[in-house]
Amino acid sequence: MVEIELRNLTKLFGDVVAADHVNLTIEDGEFFTLLGPSGCGKTTTMRMIAGLEFPTEGRVLFDGQDVTGLPSFERNTGMVFQNYALWPHLKVFENVAYGLNVRKIPKDQVKERVLGILDQVELEGMEDRFPTQLSGGQQQRVALARVLVINPAVLLLDEPLSNLDANLRVQMREEIKALQRRLKITTVYVTHDQEEAMSVSDRIAIQNHGKVRQIGSPTEIYNVPQDIFIATFMGRGTLLEGEATSTEGGVHMRIGNITLQGLDSTGSIKQGDMVACVIRPENYCIDEPIEPSNVLEGEVEWASFIGPYTEVRLDVDGNKVLVDVPPGMEAPVGGRLKVYIPYKNTIMLPLEE
Amino acid sequence: MPHSTTTRRSPPSLAASLRGNAVTLSWAEFPSVKEKVEKLRRELDPLTLVQTLVSYTILLAFLVAPLSSLVLQGFRFQGDLSLRWFTDILTSPEYVSLQSRGGRMFEVRRGVMYIWGFDHGILLNSLFVAFSVTVLCSVIGIAVAMIMGRYEFKGKSIFRVILLIPLLATPFVNAYVVGKVFNPQFGLLNYLLYDLLHVIPWRISVDGLVGLMVAQTLSYYPIVYLNVVASLNNIDPSLEEMAENLGATGFRLFRTVTFPLFLPGLVAGAVITFIFSLEDLGAPIGFIGATANPLAKNVASYQIYSAFAEACTGQISPKTSALALLIMIITVVSYVAVKTYTSRRSYAMISKGGRWSPRLRTPGLGVQAAICLSLLLLVLWGAMPQIGTFVLASTNWATSGTLPTRFTGEFFKALLTNKDVTRAIVNSLGYSFAAVAIMVLVGSSISYVVSKRDIPSKNILDMLATVPISVPGVSLAVSYFLFFSTPFFRGSLLDPLTDPALLLIIAYTIRRLPFMTRSVYAGLQQIDKSLEEASLNLGATRTTTFVKIVIPLIVTNVISGALLSFVYSMAEVSTSITLGALREDRVPITFFISQIVYGTAAVGAVSIGASLCILLMTVQITAMAVSNFVLKQKASFLGV
Ligand SMILES: Nc1ncnc2c1ncn2[C@@H]1O[C@H](COP(=O)(O)OP(=O)(O)O)[C@@H](O)[C@H]1O
Ligand SMILES: [Mg+2]
């Protein structure tokens with residue numbers, strides 16, 4: 001088990017900057033996720049950890065040791081590929097035994113370890129099948145077993161659930177998480193799905209255009225996003241833009257007749273700056289809460305019953321605001337609605353150029 | 001106010017930062033050079049290094065070096081650089097003559113219409129024949145491809161197979177059969193149309209250059225057909241449908257939409273046809289055997305071949321090498337141009353998205369019958385050499401006049417009993433096996449390096465491995481002779497005058513390498529790079545990965561490529577009948593057939609040559625069947 005450190009890790013493909021000065025430390029035994037939109041450089045960053053891609057600049061350290069130039073077969077990482085990359089000409093047993101055979105482990109031990117790990121991923125009895133005779137979920141488990149059996153120092157998972165259907169995805173991510181807890185193995189997980197990332201990770205790094213924009217626990221990333229990209233990427237919400245009128249006791253902002261007060265997420269907003277106020281639809285209260293809050297009132301423009309709540313779009317003096325209205329509460333289109341948002345749930349971010 | 005964690009950095013150790021700085025400083029001005037050097041070091045693992053070195057060594061020693069000596073000789077006169085030999089060729093009427101130097105075209109004399117073509121000198125004759133054959137094959141090939149690629153009809157699957165019969169190797173004998181069928185006195189055609197049916201007012205003599213054209217067209221039209229059908233199947237049917245919606249139908253649709261889309265396939269097939277025709281020796285020698293018409297000799301390939309008759313003395317005239325060089329320049333330049341063009345075009349096709357289910361119409365029964373009838377006529381016509389070969393081998397047709405009078409098995413028996421014949425068979429088998437063994441090693445190495453590794457100059461490697469398909473066999477033979485009979489190699493195993501066996505093996509290897517690399521390359525393209533990466537990631541070196549993962553996944557492609565190369569090695573003509581002629585006990589099958597057809601072999605009867613061709617065809621059919629049905633590989637590479 002190791003601690004991984006990336007220093008200024010940069011990868012250029014011609015003119016494309018796939019990874020841009022990535023700096024981060026993944027702690028021993030941590031479940032760490034690289035999250036970002038497709039094409040932002042997550043896979044490239046992970047492949048540089050695995051030694052399948054080599055950085056244009058910067059270094060990769062395992063437990064303080066520089067491994068930047070080491071080929072993949074000398075790194076003892078275990079990578080699960082997005083397409084699983086199971087070898088079609090080898091049976092499940094042979095697929096899983098491959099890493100052990102390469103390490104010249106005695107035959108009887110190989111057998112014991114392979115059967116043991118197949119047991120752990122609930123594939124007992126499947127060892128004589130070929131990969132094409134397995135379902136997607138089973139293939140996924142074989143891919144996982146194949147890397148776990150060699151006791152890798154690091155487990156690397158590149159969008160491991162993207163080829164599974166929705167139900168299986170939730171089940172598998174719980175299993176992966178449980179397995180990781182049990183084995184206490186340093187894990188790097190790549191996904192573009194923020195819900196998936198939040199549900200499994202100890203910490204998350206948000207990547208965009210190759211750059212890491214923020215690193216933190218799921219709650220930090222969700223509640224205290226460091227820029228507008230992260231705030232909008234991490235969930236639904238409404239952006240309201242205006243000028244900071246005061247920074248006494250949080251940031252105060254005014255748009256027309258509306259005044260809003262919120263927390264300065266980055267701690268860098270000064271009076272007179274242009275700011276964006278991010279409000280998540282689930283943070284509204286229909287009745288006035290005990291804590292200090294902002295008030296918004298407007299006409300219901302559009303409403304859509306989702307199940308757990310009704311999604312409503314309010315027109316507040318020309319500003320469109322998304323609100324989740326709890327079930328059992330009427331919000332007819334054309335009617336008026338008054339909602340409250342606690343200050344502590346109102347995020348203020350500096351507006352970028 | 002809670003703050004999110006930003007990047008956590010542990011302070012780098014002093015030593016590390018010093019080391020890092022030193023490296024950064026020394027390379028600061030050339031970051032890209034540094035990256036390239038490091039990348040090269042990583043790419044050149046032991047396996048790749050060995051594969052690259054072996055491939056380059058073989059290609060440089062046996063392709064680049066000999067051809068360079070051909071180039072040097074062609075440009076040298078009395079020790080100086082000079083264009084003398086080329087100006088000689090281009091100005092002497094023997095090679096280039098705008099006025100006809102003889103020959104007859106649609107000329108009726110004493111009840112016979114002569115269709116021979118006019119003699120415009122060796123070089124122009126060659127180009128004229130090759131060009132006409134290309135045009136004829138393109139017309140037939142497109143027509144057949146449009147029918148096979150766009151219509152559904154009864155018996156189509158049978159036609160799909162029998163349309164390929166002309167590709168079966170019947171060297172020399174095919175032209176001999178054509179000559180015999182068109183013979184004005186006792187040829188089958190005249191017997192049928194003139195004596196029996198009285199539908200033509202004169203007997204017809206198709207011979208000379210036109211004879212070559214007919215014989216070659218019959219053999220080569222499937223090449224165009226195969227390439228055009230392949231690109232027709234890659235056309236997005238919605239493109240044609242859209243054009244139809246916009247009102248384009250019939251010929252207009254074909255001309256404005258379909259034709260431009262299959263043009264790359266057509267051009268690829270056409271250029272191969274052109275090259276094969278220009279370098280062909282089978283038709284001239286076969287025709288001379290059948291009719292002794294000297295006009296059939298007046299083409300470049302034959303002239304270079306006949307210069308080998310004197311090669312035993314250790315000399316090939318500079319003018320001959322210049323001619324060999326000239327036709328090689330023509331073929332190689334056309335090939336490279338077309339390859340560049342089609343690789344650009346086919347990427348555009350691929351980017352529109354993979355394979356389409358082709359657009360098939362099922363016409364009415366009447367039209368279906370018409371299609372079948374015309375295809376049947378074409379097949380009968382195109383398979384005439386193969387049918388004729390079979391008749392020659394199994395009856396007394398060679399000596400019986402217009403029609404055979406009895407069956408006989410004696411010519412097949414001769415394959416086993418005649419010492420000269422069996423020796424030729426054993427020789428050819430040995431050469432081909434040895435060549436295929438080298439091809440398997442070199443061909444898979446080249447394909448692997450080209451498709452999976454990222455080293456500089458891999459494009460050159462790719463080009464060197466595919467360009468031999470465009471190098472005329474006679475030119476390669478001349479270059480081998482010039483290069484390996486020099487004092488440096490004198491008396492060694494590479495000296496063709498000492499023993500041509502090794503050179504023949506190498507010549508087969510080089511000439512058939514494109515078949516091997518193509519086949520393996522196709523297999524490698526199916527292997528996602530993650531399959532190899534997963535192996536590396538689990539601790540296997542590149543060499544282990546190649547042995548345990550890559551080879552098992554491409555083994556069927558390797559075998560299929562080996563079968564194909566083996567077949568085409570057994571049937572190889574140009575170097576076999578030139579270099580192979582240099583020592584009597586080393587002659588391969590095709591040399592033997594050429595001597596029989598030519599009438600100089602002690603064994604005599606053309607029928608034995610025909611039965612040897614039957615043997616070749618059997619080998620070929622077996623190999624294709626194994627490849628198609630056992631290995632499930634499509635083994636018929638005749639493109640660029
Ligand atoms: N081998 C490659 N060659 C060229 N460009 C690449 C290569 N791999 C990735 N890229 C480019 O680098 C960027 C990041 O890719 P990737 O790391 O795969 O993103 P992600 O995994 O976040 O979707 C993309 O723009 C992609 O097109
Ligand atoms: Mg990715």
Side-chain angles (χ1 to χ4, degrees), chain A residues 3 5 7 12 22-25 47 50-52 54 56-57 59 61 64 66 69 71-90 98-103 143 146-147 150 152 156 203 212 214-217 220-221 223-226 250 263-267, chain B residues 1-13 15-17 19-20 23-24 27-28 31-46 454 523 526-545 547-556:
Chain A
E3 177 192 274
E5 189 186 341
R7 277 194 210 154
L12 299 174
V22 173
N23 282 293
L24 49 87
T25 304
R47 287 168 58 82
L52 295 170
F54 295 88
T56 313
E57 199 193 317
R59 285 188 280 154
L61 293 92
D66 191 337
S72 192
F73 55 85
E74 289 174 14
R75 288 198 191 187
N76 198 29
T77 60
M79 176 151 171
V80 173
F81 291 78
Q82 192 167 3
N83 62 356
Y84 313 143
L86 299 180
W87 299 301
H89 63 295
L90 299 180
Y98 188 87
L100 298 175
N101 290 335
V102 166
R103 284 167 174 73
R146 186 173 69 177
V147 300
I150 62 166
L156 304 171
R203 279 194 306 148
V212 170
Q214 184 174 355
I215 302 175
S217 69
E220 281 170 343
I221 300 254
N223 294 329
V224 198
Q226 290 299 292
L263 300 180
D264 181 357
S265 227
T266 57
Chain B
M1 196 174 297
H3 268 274
S4 74
T5 344
T6 43
T7 316
R8 280 188 239 174
R9 240 199 268 192
S10 57
S13 75
S17 68
R19 196 152 25 97
V23 171
T24 329
W27 288 100
S32 65
V33 177
K34 174 197 164 192
E35 204 190 339
K36 280 194 183 123
V37 171
E38 284 194 352
K39 185 165 167 222
L40 186 63
R41 190 179 51 74
R42 272 193 308 267
E43 292 287 322
L44 281 179
D45 56 278
D454 190 11
Q526 302 296 313
I527 304 182
D528 193 280
K529 79 173 177 175
S530 65
L531 292 186
E532 281 181 82
E533 288 175 347
S535 165
L536 293 177
N537 182 247
L538 287 174
T541 59
R542 283 223 169 259
T543 313
T544 311
T545 304
V547 173
K548 289 196 167 180
I549 304 296
V550 179
I551 289 184
L553 290 174
I554 58 169
V555 74
T556 53

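Scope of the values below: all heavy atoms of this structure, side chains included, with no hydrogens, waters or symmetry mates. The chains referred to below are lettered A, B, ... by the order of the sequence lines, with proteins before strands, and numbering in each begins at 1.
Contact tally against chain B (heavy-atom pairs below 4.5 Å) for Gly64(A), Ala85(A), Ala143(A): the top residue is Ala85(A). Your options are Thr545(B), Ile549(B), Thr541(B), and the one with the most heavy-atom pairs under 4.5 Å with chain A is Ile549(B).
Applying the salt bridge (charged side-chain N to carboxylate O under 4.0 Å, His left out) criterion to Asp528(B), with sequence neighbours excluded, gives no partner residue.
For a residue to count as touching a neighbouring chain, one of its non-hydrogen atoms must lie under 4.5 Å from one of that chain's; by this rule Leu536(B) touches chain A with backbone and side chain alike. When heavy atoms are compared at a cutoff of 4.5 Å, Arg146(A) approaches chain B by way of both its backbone and its side chain. With a 4.5 Å cut-off on non-hydrogen atoms, Leu86(A) touches chain B through its backbone but not through its side chain. Looking at Lys548(B), both its backbone and its side chain come within 4.5 Å of chain A, counting heavy atoms on both sides.
From Met79(A), atom CE reaches atom CD of Glu533(B) across 7.0 Å, with rounding to the nearest 0.5 Å. Atoms CG and CG, from Leu531(B) and Asn83(A) in turn, are 7.0 Å apart once rounded to the nearest 0.5 Å. If you take CD on Glu532(B) and CH2 on Trp87(A), they are separated by 11.0 Å, rounding to the nearest 0.5 Å. Rounded to the nearest 0.5 Å, atoms OG (Ser72(A)) and CZ (Arg42(B)) are 12.0 Å apart.
For the residue pair Ala540(B) and Phe73(A), the shortest heavy atom distance occurs at O-CB, 3.3 Å. Contact detail for Val102(A) and Gly539(B): the closest heavy-atom pair is CG1-O, 3.2 Å.
Proximity of Asn537(B) to Arg75(A): side-chain heavy atoms (C-beta onward) are nowhere separated by under 4.5 Å.
Checking side-chain atoms of Arg103(A) against main-chain N and O of Leu538(B) turns up a donor-acceptor pair under 3.5 Å.
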